[in-house]
Participant: 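Provided herewith is a single structure, encoded as structure tokens, for subsequent inquiry.
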Amino acid sequence: MLFDPRPKSRREEVFDRDIEFEGLEESVRTYPITLLLGIRRVGKSSILRAYLNNKPSILVDCRELYGEKGHIAREDLIDELQKKGSLLSKLLSKFKAELDLKFLKLEPKDATLREILHELNEVGEKLGQPFILAFDEAQYLRFYGSRGGKELLALLAYAYDSLSNVRVIMTGSEVGLLHDFIGFEDYKSPLYGRLMGEVYIKPFDRETSMEFLRTGFNEIGVEISEGEIEKAVDLLDGIPGWLVTFGLEYSKVKDLEKALKRTLRVAKGLILGELKELEKRSIRYSLILQAIALGYNRWSLIRDYLAVKGHRTPEPRLHELLKNLKKMGWIEEKNRKYSLTDPVVVAVLKMEKG
Ligand code: ADP
Ligand code: MG
């Protein structure tokens with residue numbers, strides 16, 4: 001069902017995106033490491049899961065591992081790989097008993113990540129196709145261990161150079177942070193100088209967004225006019241996650257105004273949660289986003305807005321905050337004008353004010 005709010009996990013469930021799947025296919029064929037990039041709710045996890053479906057692979061959700069603890073412990077990552085690995089080896093041995101896979105034979109307490117990678121490589125070799133190790137929201141891996149994830153990067157560099165039957169895919173909604181973490185342009189990074197594939201997932205264009213809604217409503221037998229679909233897309237734009245929320249809400253209330261309001265309410269819950277995370281680092285992040293949502297989109301206007309709100313901010317600090325918001329994918333800058341990347345965030349922040 002198109003309007004299922006969870007990430008999709010099979011190709012047939014994913015609307016459109018042929019070009020992105022092809023790009024991913026091609027990139028994994030070409031590069032040991034592929035980055036799958038795009039803003040929140042654009043469909044990265046769905047595309048990744050659908051792609052991995054029926055391929056020898058392990059998917060690690062880094063945000064989940066990071067979770068409440070606020071860091072990723074070595075033991076937890078190993079545990080996760082072991083768990084998923086042994087599940088997988090059961091599945092594989094069912095279908096490919098003749099392969100005699102002694103897959104992930106190591107006891108968790110003995111295993112090192114390097115040994116696990118070697119085993120994955122061996123499995124890939126035996127199967128005659130690369131084993132894919134995927135990290136969803138990989139920017140969180142910078143919280144692995146005590147050195148900003150450097151040990152893990154060193155290991156990935158080792159796999160990049162030496163394990164020809166392993167492929168790595170990393171997704172990132174915080175594209176700039178992921179680039180910082182991987183640091184392929186930073187000679188101090190273990191992955192320095194290694195070419196990687198990059199596949200960008202963009203929001204749907206207008207026509208595709210409308211077709212997405214038409215198809216979704218058609219599927220569940222809910223009638224809605226073209227005019228209403230158009231109005232919904234006017235507000236929500238092409239981010240599939242929001243289109244799904246709208247689809248669900250409209251099918252409940254069958255009223256455009258009410259459905260849009262409810263969609264924004266749901267969005268508000270999610271977005272305020274994310275803002276709270278940001279505010280843990282600085283209250284100014286939220287204020288900057290609010291300023292931009294309200295149309296104070298130039299550097300000096302943002303500075304003045306912060307001052308009016310009682311948070312006078314020195315110039316270098318403001319530059320740094322704006323740079324971070326760009327890296328985290330919240331804002332874009334064009335011709336010295338800032339804008340929010342997600343129109344629904346604009347709507348929610350305006351609501352906040354009103
Ligand atoms: P991301 O990982 O980029 O944050 P998700 O894959 O979790 O995005 O997608 C967000 C929501 O949108 C989910 O409900 C998912 O089912 C839906 N979705 C995203 N892209 C598509 C698509 N191409 N077809 C159908 N549903 C999609
Ligand atoms: Mg995701």
Side-chain angles (χ1 to χ4, degrees), residues 1-25 34-53 57-67 134-141 169-178 198-220 222 229 232-233 236-252 259 262-264 266-267 269-271 273-275 277 328-330 341-345 348:
M1 192 182 86
L2 221 45
F3 292 159
D4 187 332
R6 290 163 298 188
K8 308 297 189 280
S9 52
R10 285 178 299 129
R11 179 67 188 98
E12 319 80 88
E13 298 171 327
V14 176
F15 185 82
D16 195 70
R17 302 303 193 193
D18 287 339
I19 293 173
E20 289 81 355
F21 275 105
E22 267 171 40
L24 193 53
E25 199 79 58
T34 291
L35 308 182
L36 185 62
L37 307 168
I39 60 174
R40 289 177 183 73
R41 289 171 278 268
V42 80
K44 297 175 299 298
S45 299
S46 298
I47 290 171
L48 179 62
R49 284 161 188 246
Y51 175 75
L52 296 178
N53 190 19
S57 58
I58 291 179
L59 170 62
V60 178
D61 184 338
C62 304
R63 188 160 26 186
E64 196 183 296
L65 271 186
Y66 170 78
F135 297 99
D136 204 2
E137 297 294 345
Q139 68 272 11
Y140 282 90
L141 292 175
I169 302 178
M170 297 193 246
T171 83
S173 57
E174 304 188 340
V175 178
L177 289 187
L178 184 58
E198 291 197 0
V199 179
Y200 272 91
I201 314 297
K202 296 240 164 68
F204 292 144
D205 63 26
R206 193 176 167 78
E207 191 36 57
T208 311
S209 303
M210 291 180 59
E211 191 57 27
F212 182 91
L213 289 179
R214 274 182 217 121
T215 309
F217 285 120
N218 201 19
E219 208 177 51
I220 54 175
V222 169
I229 283 187
V233 174
L236 303 173
D237 211 44
I239 298 173
W242 299 139
L243 297 175
V244 165
T245 307
F246 170 74
L248 286 173
E249 295 303 330
Y250 187 91
S251 60
K252 279 187 233 159
R262 292 173 67 137
T263 302
L264 286 184
V266 173
L270 287 169
I271 290 166
E274 289 160 7
L275 289 180
E277 284 304 306
M328 289 184 279
W330 287 93
T341 47
D342 180 346
V344 175
V345 175
V348 163

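Along the sequence shown, the residues carry numbers beginning at 1. Whatever order the structure lists them in is the order used to number ligands and atoms, beginning at 1. Values reported hereafter were calculated over all heavy atoms of this structure, with side chains retained and with hydrogens, waters and symmetry mates removed.
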Participant: Around atom 6 (O) of ligand 1, find the nearest protein heavy atom and jot down its residue, atom name and distance.
Facilitator: Ser46 OG, 2.7 Å
Participant: Among all protein heavy atoms, pick out the one at the shortest distance from atom 7 (O) of ligand 1; state its residue, atom name and that distance to 0.1 Å.
Facilitator: Pro7 CG, 3.9 Å
Participant: Looking at Lys8 and Arg49, would you say the former's side chain and the latter's main chain have a donor-acceptor pair under 3.5 Å?
Facilitator: no
Participant: What closest approach, in Å, do Val345 and Ile271 show between heavy atoms, and which atom pair accounts for it?
Facilitator: CG2-CD1, 3.7 Å
Participant: Based purely on interatomic distance, does Arg17 place a nitrogen or oxygen under 3.5 Å from a nitrogen or oxygen of ligand 1?
Facilitator: no
Participant: Looking only at protein heavy atoms, which one is nearest to atom 16 (O) of ligand 1, and how far off is it?
Facilitator: Lys8 NZ, 2.4 Å
Participant: Ligand 1 and Asp4, any nitrogen or oxygen pair closer than 3.5 angstrom?
Facilitator: yes
Participant: If you take the nearest heavy atom of each of Pro240, Ala50, Gly172, which one is closest to atom 18 (N) of ligand 1?
Facilitator: Pro240
Participant: Taking the side chain as C-beta and beyond, is there a heavy-atom pair between Tyr51 and Leu36 under 4.5 Å?
Facilitator: no
Participant: Could you tell me how the ring of Phe3 sits relative to the ring of Phe212: parallel (under 30°), tilted (30 to 60°) or perpendicular (over 60°)?
Facilitator: tilted
Participant: Suppose I only count heavy atoms of Phe204 and a 4.0 Å limit; which atoms of ligand 1 are within that range?
Facilitator: 23 (N)
Participant: Restricting to non-hydrogen atoms, name the atom on Leu2 and the atom on Glu13 that form the minimum distance, rounded to 0.1 Å.
Facilitator: CD1-O, 3.7 Å
Participant: Less than 3.5 Å between some nitrogen or oxygen of Pro5 and one of ligand 1, yes or no?
Facilitator: yes
Participant: Taking both backbone and side-chain atoms of Val42, is any N or O found less than 3.5 Å from an N or O belonging to ligand 1?
Facilitator: yes
Participant: Quick check on contacts: which atoms of ligand 1 are under 4.0 angstrom from a heavy atom of Leu2?
Facilitator: 25 (C)
Participant: Parallel, tilted or perpendicular for Tyr66 and Tyr140, by the 30°/60° rule?
Facilitator: tilted
Participant: Rounded to the nearest 0.5 Å, what separates atom CE in Met170 from atom CG in Asp136?
Facilitator: 12.0 Å
Participant: What protein heavy atom sits nearest atom 22 (C) of ligand 1, and how far off is it?
Facilitator: Phe15 N, 3.6 Å
Participant: When only distance counts, is Val244 in polar contact with ligand 1, meaning an N/O pair under 3.5 Å?
Facilitator: no
Participant: Is a side-chain donor or acceptor of Ser57 paired with a backbone partner of Asn53 at a separation under 3.5 angstrom?
Facilitator: no
Participant: If the cut-off is 4.0 Å to any non-hydrogen atom of Ser45, which atoms of ligand 1 fall inside it?
Facilitator: 1 (P), 2 (O), 6 (O)
Participant: Where the closest heavy atom to atom 10 (C) of ligand 1 is concerned, which of Arg41, Arg40, Glu13 has it?
Facilitator: Arg41
Participant: Any nitrogen or oxygen of Glu137, main chain or side chain, under 3.5 Å from a nitrogen or oxygen of ligand 1?
Facilitator: no
Participant: Can we say Glu137 and Arg40 salt-bridge, meaning some charged N sits less than 4.0 Å from an Asp/Glu carboxylate O?
Facilitator: no
Participant: Can an N, O or S atom be found in Ser46 less than 2.8 Å away from the Mg ion (ligand 2)?
Facilitator: no
Participant: Out of Gly241, Gly216, Gly43, whose heavy atom sits nearest atom 5 (P) of ligand 1?
Facilitator: Gly43
Participant: Is there a polar contact, in the sense of an N or O pair closer than 3.5 Å, between Val14 and ligand 1?
Facilitator: no
Participant: Apply side chain to side chain contact (heavy atoms under 4.5 Å, CB included) to Glu211 and Phe15, showing your working.
Facilitator: CA-CA 9 Å; Glu211 191 57 27; Phe15 185 82; 3.8 Å; yes
Participant: Any salt bridge linking Arg41 with Glu274? Criterion: basic side-chain nitrogen under 4.0 Å from a carboxylate oxygen.
Facilitator: yes
